[in-house]
There are 2 protein chains.
Amino acid sequence: MSSASGRGGPETRGRILDAAEALFVEHGLEATSMRMITATAGVNLAAVNYHFGSKENLIQEVFRLRLGELNQRRLAALDRVEDAAGAAGVGVKPSQVLEAFFEPSLQMATDETHGGRIFMQLLGRTYTEPNAFVRKFLAAEYADTLERFLDALYASLPGVPREEILWRFHFMMGATSYAIAGTDALQLFAGKFDDEDPARLIPRLMSFLLGGLRAPLPELASGADAPAHADD
Amino acid sequence: MSSASGRGGPETRGRILDAAEALFVEHGLEATSMRMITATAGVNLAAVNYHFGSKENLIQEVFRLRLGELNQRRLAALDRVEDAAGAAGVGVKPSQVLEAFFEPSLQMATDETHGGRIFMQLLGRTYTEPNAFVRKFLAAEYADTLERFLDALYASLPGVPREEILWRFHFMMGATSYAIAGTDALQLFAGKFDDEDPARLIPRLMSFLLGGLRAPLPELASGADAPAHADD
DNA sequence: TTAGAATTAAAACATACGTTTGAATGAACT
DNA sequence: AGTTCATTCAAACGTATGTTTTAATTCTAA
């Protein structure tokens with residue numbers, strides 16, 4: 001079994017991971033067959049089952065590797081922000097929390113050299129993947145990171161119910177997912193985006209997310225009081 | 001061939017549509033087999049190919065039916081808003097445009113009696129569906145409606161570049177998609193939502209969307225001027 | 001060089017898929 | 001009654017799936 005790539009194996013394991021990642025994005029998890037993967041990777045069909053045991057294990061491995069790195073970057077960014085604020089004796093700002101969470105994904109998504117862009121498109125799709133075992137696995141991988149960021153956001157927004165923060169975080173992940181899945185995955189706006197420069201995507205999205213996060217709280221279902229938002 | 005359900009056919013066609021819709025949500029398009037559909041509908045395996053020709057045609061029919069109704073409601077709502085504003089001699093407000101577009105989806109999504117809720121979950125997932133023919137079809141079905149709403153939004157937001165509106169609309173659809181896919185589809189926040197009352201989802205989301213839409217414009221990539229947003 | 005483990009290769013495994021076929025059914029019309 | 005025609009049915013079609021098996025090969029270490 002061995003760890004990364006056995007001994008001197010001609011990187012068969014790594015080639016499978018790369019090929020699988022790219023094909024998962026292009027065709028989805030279910031629609032990507034073992035034969036497509038092995039053919040693209042230029043290895044024998046049996047290699048996947050030999051190195052990973054099963055297709056499910058391969059999928060998990062693809063996600064675990066990249067998602068682990070992504071969440072590590074996020075937590076490191078949050079650490080830096082909290083340390084700096086602590087040293088200055090002030091609280092962390094919501095915008096800083098958002099940036100710590102979403103910037104790493106966007107950086108990864110717009111990094112052409114790294115295979116990151118491919119992965120982030122895959123990840124965005126997978127949040128809503130119907131496949132039960134994939135969702136369960138993803139939730140487990142995310143749990144700790146999500147917990148820390150929700151706490152940080154809650155601390156940075158006094159007076160906002162935790163419930164509301166939870167929902168807005170959910171909405172923000174949705175907006176980010178679409179931002180990353182982007183203009184080539186979603187062709188609804190085909191031919192309408194003049195400017196797809198990924199460098200400009202980050203400020204665009206961050207501005208939108210901040211606006212949404214700091215929007216006036218909605219009136220609670222009971223239709224009594226005055227509307228909370230300025231109505232335009 | 002006949003239109004709705006032939007002559008006295010025991011609604012075989014309709015039962016297939018209902019079963020397919022529910023199964024597509026639960027397992028995805030590719031992972032839902034003809035045998036699952038026909039077994040759930042209680043009809044013969046060959047019935048799908050007889051009534052719809054192929055699985056692809058069945059998928060298209062499922063989407064066409066509900067999406068047609070949804071977009072009709074959206075356009076009707078926009079008509080009402082524009083007529084009222086025209087009669088009063090004022091412009092349409094951005095919040096009104098948003099409500100005309102997103103409220104019908106949320107109404108449909110939270111309507112338990114109708115099969116609407118099921119469909120909206122399916123639709124939210126399908127925007128990012130890797131399957132090419134589904135995306136193409138969806139884009140075609142959406143084209144006219146989207147065009148009208150983008151125009152209305154552009155007219156209601158003087159001074160905001162059309163490019164920016166396009167992006168923010170994209171982001172808003174992402175947030176809405178997650179809102180609808182909701183807490184049972186996406187288990188990342190499992191056990192953390194205390195309040196899943198769908199009636200409160202609408203004001204929650206609308207408040208968030210409005211905040212995002214009206215956020216200060218991002219600085220354009222050139223790192224010159226002062227930041228446009230109040231930084232917290 | 002040789003023994004032994006790790007890896008690759010070709011082939012077959014059983015199962016599931018979407019679709020097609022041809023006969024049986026049953027109501028509507030002449 | 002007989003005929004027609006849309007629909008349903010059981011069965012099989014060919015193809016593709018993930019996985020397993022067995023043999024050949026490559027590399028490592030003594």
Side-chain angles (χ1 to χ4, degrees), chain A residues 1-63 129-134 137, chain B residues 1-63 129-134 137:
Chain A
M1 199 142 289
S2 79
S3 61
S5 69
R7 206 95 71 252
E11 63 201 54
T12 300
R13 212 186 124 98
R15 301 181 54 175
I16 291 175
L17 283 170
D18 289 343
E21 198 172 13
L23 288 169
F24 286 156
V25 176
E26 196 176 344
H27 303 103
L29 300 182
E30 303 252 15
T32 299
S33 71
M34 304 284 257
R35 286 163 179 83
M36 290 163 69
I37 295 171
T38 52
T40 302
V43 304
N44 186 271
L45 169 61
V48 172
N49 287 286
Y50 176 78
H51 284 280
F52 298 92
S54 68
K55 186 183 174 184
E56 283 204 357
N57 286 350
L58 170 61
I59 293 175
Q60 293 199 24
E61 195 63 17
V62 167
F63 277 92
E129 171 83 23
N131 187 320
F133 98 87
V134 176
F137 165 76
Chain B
M1 198 147 287
S2 78
S3 61
S5 68
R7 203 98 72 255
E11 64 200 52
T12 301
R13 211 185 125 98
R15 301 181 54 176
I16 292 175
L17 283 170
D18 289 343
E21 198 172 13
L23 289 168
F24 287 156
V25 176
E26 196 175 344
H27 304 103
L29 300 181
E30 302 253 14
T32 299
S33 71
M34 303 284 256
R35 285 164 180 83
M36 290 163 69
I37 295 171
T38 52
T40 302
V43 303
N44 188 271
L45 169 61
V48 172
N49 287 285
Y50 176 78
H51 284 280
F52 298 92
S54 68
K55 186 183 176 183
E56 284 205 355
N57 286 351
L58 171 60
I59 293 174
Q60 293 199 23
E61 195 62 17
V62 168
F63 278 93
E129 172 84 21
N131 188 319
F133 99 87
V134 175
F137 165 76

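Residue numbering restarts at 1 for every chain, and letters A, B, ... go by the order of the sequence lines. Excluded from the calculations below are hydrogen atoms, water molecules and symmetry mates; all remaining heavy atoms, backbone and side chain alike, are included.
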Mind checking whether A:Leu58 and A:Ile37 have side chains closer than 4.5 Å, heavy atoms only? yes

To the nearest angstrom, the CD1-C1' distance between B:Ile16 and D:dC9 comes to 13 Å

Nearest-Å distance for atom pair CD1/P, residues B:Ile59 and C:dC17: 14 Å

Does a side-chain heavy-atom distance below 4.5 Å link A:Arg13 with A:Glu61? yes

Kindly state each residue pair satisfying salt bridge (Lys or Arg N to Asp or Glu O under 4.0 Å) with at least one member in residues 35-57 of chain A, sequence neighbours excluded. none

Whether B:Thr32 side chain and B:Leu23 backbone form a donor-acceptor pair below 3.5 Å: yes

Partners meeting side chain to side chain contact (heavy atoms under 4.5 Å, CB included) with A:Ala46 (sequence neighbours left out): A:Asn44

Measure CD/B:Glu11 against P/D:dT7 and give the value in whole Å, please. 14 Å

Can you find a pair of side-chain heavy atoms, one from B:Ile16 and one from B:Thr38, that are under 4.5 Å apart? no

Take atom CZ of B:Arg15 and atom C1' of D:dT8, then tell me their distance rounded to the nearest Å. 13 Å

Tell me whether the side-chain N/O atoms of A:His51 come closer than 4.0 Å to OP1 or OP2 in C:dA6. no

So if I define the base as every atom that isn't primed, P, OP1 or OP2, how would nucleotides 18-26 of chain D read as a B/S/- string at a heavy-atom cutoff under 4.0 Å? BBB------

Can you measure B:Leu58 atom CG to C:dG18 atom C1' for me and round it to whole angstrom units? 12 Å

Round to a whole Å and report the spacing from CG of B:Asn44 to P of C:dG18. 15 Å

